[in-house]
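To keep things clear, I will list the structure first and then write my remarks on it.
For clarity, every value in this text was computed on a predicted model and none was experimentally measured. Keep in mind that the numbers below use all heavy atoms, side chains included, and drop hydrogens, waters and symmetry copies.
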Number of protein chains: 2
Amino acid sequence: MFKLSRAGEYALRGVVYIASKNVDDAVHVAEIAKCQNVPEYFLVKVFSRLVRNGIIHSIRGNKGGFRLSKKPENISVYDIITAVEGPLNLNDCFICKNSSKCKMKPVWDEAKEKMMEVLKQHNIADVA
Amino acid sequence: MFKLSRAGEYALRGVVYIASKNVDDAVHVAEIAKCQNVPEYFLVKVFSRLVRNGIIHSIRGNKGGFRLSKKPENISVYDIITAVEGPLNLNDCFICKNSSKCKMKPVWDEAKEKMMEVLKQHNIADVA
DNA sequence: ATATAATAAGACTAATAAGGTCATGTAAGT
DNA sequence: ACTTACATGACCTTATTAGTCTTATTATAT
Ligand code: SF4
Ligand code: SF4
């Protein structure tokens with residue numbers, strides 16, 4: 001409950017790894033997987049979501065790999081997590097119908113906001 | 001990911017329900033389950049954790065049921081959730097070993113703190 | 001005393017979600 | 001052409017959460 005997913009964790013570590021390398025050369029997913037000790041195929045999938053959301057940029061074919069789309073200081077932890085997991089929500093309120101007059105939902109929403117704030121405040125540069 | 005469990009949700013709704021009743025009579029779990037539209041046996045299990053953690057008080061036998069152990073305004077959302085789920089943690093860091101020199105863990109811890117703060121600030125009285 | 005109405009505890013099963021693998025396709029460099 | 005690397009989506013496996021049931025315990029009412 002309230003746990004960061006592996007996908008999220010891997011994405012973050014992967015991006016940090018790329019940031020640690022020379023900006024000029026693309027980094028292979030195989031290298032990242034190996035160095036970060038993460039299942040390669042899984043990381044491929046995670047990275048594809050980062051590409052689709054414009055966090056990283058991919059270069060296909062021989063001498064291909066991944067590069068950051070922006071400067072590390074312009075990529076927040078929040079960006080990465082939501083790119084991988086979609087919009088955050090502590091409580092979807094599928095279960096009950098009184099969502100409109102419910103006084104608990106605002107609490108969850110507030111908690112989520114506070115949490116998101118922290119994730120937005122930290123970027124790859126200061127986390128690397 | 002980052003989602004409230006059903007157990008947590010049910011616990012909260014259950015306690016709110018008890019709080020809505022006359023303090024003098026114990027409330028049956030069967031009644032709560034029915035009115036809250038929640039699986040009874042499951043709620044029993046959830047409530048037992050609340051009892052063990054001193055949130056509610058149980059009276060066994062005929063005419064038994066549950067009562068709040070304290071005033072609603074002294075029971076926070078945080079109390080209930082942790083009673084049911086144990087201590088919160090966004091990231092256990094089982095996966096990798098560099099936890100000591102890791103700069104991401106503090107971010108998760110900070111996010112958790114902010115979130116916990118909100119849950120601590122809200123009690124059953126103002127959520128009921 | 002006994003019947004009954006309630007919670008306590010924990011084993012068990014079912015459902016869902018997360019994590020991981022694989023096969024096939026596409027693009028780029030040599 | 002051939003090789004290397006990403007793209008995509010189907011598929012399988014594992015872990016976690018949700019839910020059920022059985023047996024025991026405790027208290028009350030008759
Ligand atoms: S937060 Fe409120 S509306 Fe949402 S599921 Fe819980 S009780 Fe229902
Ligand atoms: S937060 Fe840091 S120490 Fe924890 S799992 Fe992630 S990278 Fe490892």
Whole-Å gap separating [atom2] ([N]) and [atom1] ([X]):
{"X": "B/L43", "N": "C/dA6", "atom1": "CG", "atom2": "P", "answer": "15 Å"}
{"X": "A/R6", "N": "C/dA17", "atom1": "CZ", "atom2": "P", "answer": "18 Å"}
{"X": "A/E40", "N": "C/dG19", "atom1": "CD", "atom2": "C1'", "answer": "16 Å"}
{"X": "B/I56", "N": "C/dA8", "atom1": "CD1", "atom2": "C1'", "answer": "12 Å"}
{"X": "B/K34", "N": "C/dA6", "atom1": "NZ", "atom2": "P", "answer": "13 Å"}
{"X": "B/L50", "N": "C/dA8", "atom1": "CG", "atom2": "C1'", "answer": "14 Å"}
{"X": "B/F47", "N": "C/dA6", "atom1": "CZ", "atom2": "P", "answer": "15 Å"}
{"X": "B/R67", "N": "C/dA6", "atom1": "CZ", "atom2": "P", "answer": "14 Å"}

When clusters are formed by joining ILVMFWY residues with side-chain heavy atoms under 4.5 Å apart, either directly or through shared neighbours, do [X] and [Y] land in the same one?
{"X": "B/Y17", "Y": "B/V38", "result": "yes"}
{"X": "B/V51", "Y": "B/V44", "result": "yes"}
{"X": "B/M1", "Y": "A/M115", "result": "yes"}

Within a radius of less than 6.0 Å around NZ of A/K120, do more than 12 heavy atoms belonging to other residues, nucleotides or ligands occur? yes
Given C/dA23, is OP1 or OP2 found less than 4.0 Å from the side-chain N or O atoms of A/Y41? no
Is any side-chain nitrogen or oxygen of B/S58 closer than 4.0 Å to OP1 or OP2 of C/dA8?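 Yes, because at least one side-chain N or O of B/S58 sits under 4.0 Å from OP1 or OP2 of C/dA8.
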If you pin B/F42 and B/K63 to their nearest nucleotides in DNA chain D, which one's is more 5'?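 It is B/F42 whose nearest nucleotide is closer to the 5' end.
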Residue list, salt bridge (charged side-chain N to carboxylate O under 4.0 Å, His left out) with B/K21, at least two apart or on another chain: B/E31
Classify the nucleic acid contact of B/F66 as base, sugar-phosphate or nothing, counting any heavy atom under 4.0 Å across all strands shown. sugar-phosphate
Check whether any side-chain heavy atom of A/I55 lies under 4.5 Å from a side-chain heavy atom of A/L68, and answer yes or no.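 With C-beta onward as the side chain, the pair stays apart.
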Below 4.0 Å from chain B heavy atoms, what is the first contacting nucleotide of DNA chain D and what is the last?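 Answer, 5' to 3': D/dA18 to D/dT28.
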Can you find a donor-acceptor N/O pair under 3.5 angstrom joining the side chain of B/K45 to the base of C/dG10? no
From the options C/dA28, C/dA9, C/dG20, select the nucleotide whose nearest atom is closest to the side chain of B/R52. C/dA9
Please compare B/V44 and A/P39 by the position of their nearest nucleotide in DNA chain C and report the one closer to 5'.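 It is B/V44 whose nearest nucleotide is closer to the 5' end.
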Check: B/A128 main-chain N/O paired with A/K103 side-chain donor or acceptor under 3.5 Å: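 Judged by distance alone, yes, a pair lies under 3.5 Å.
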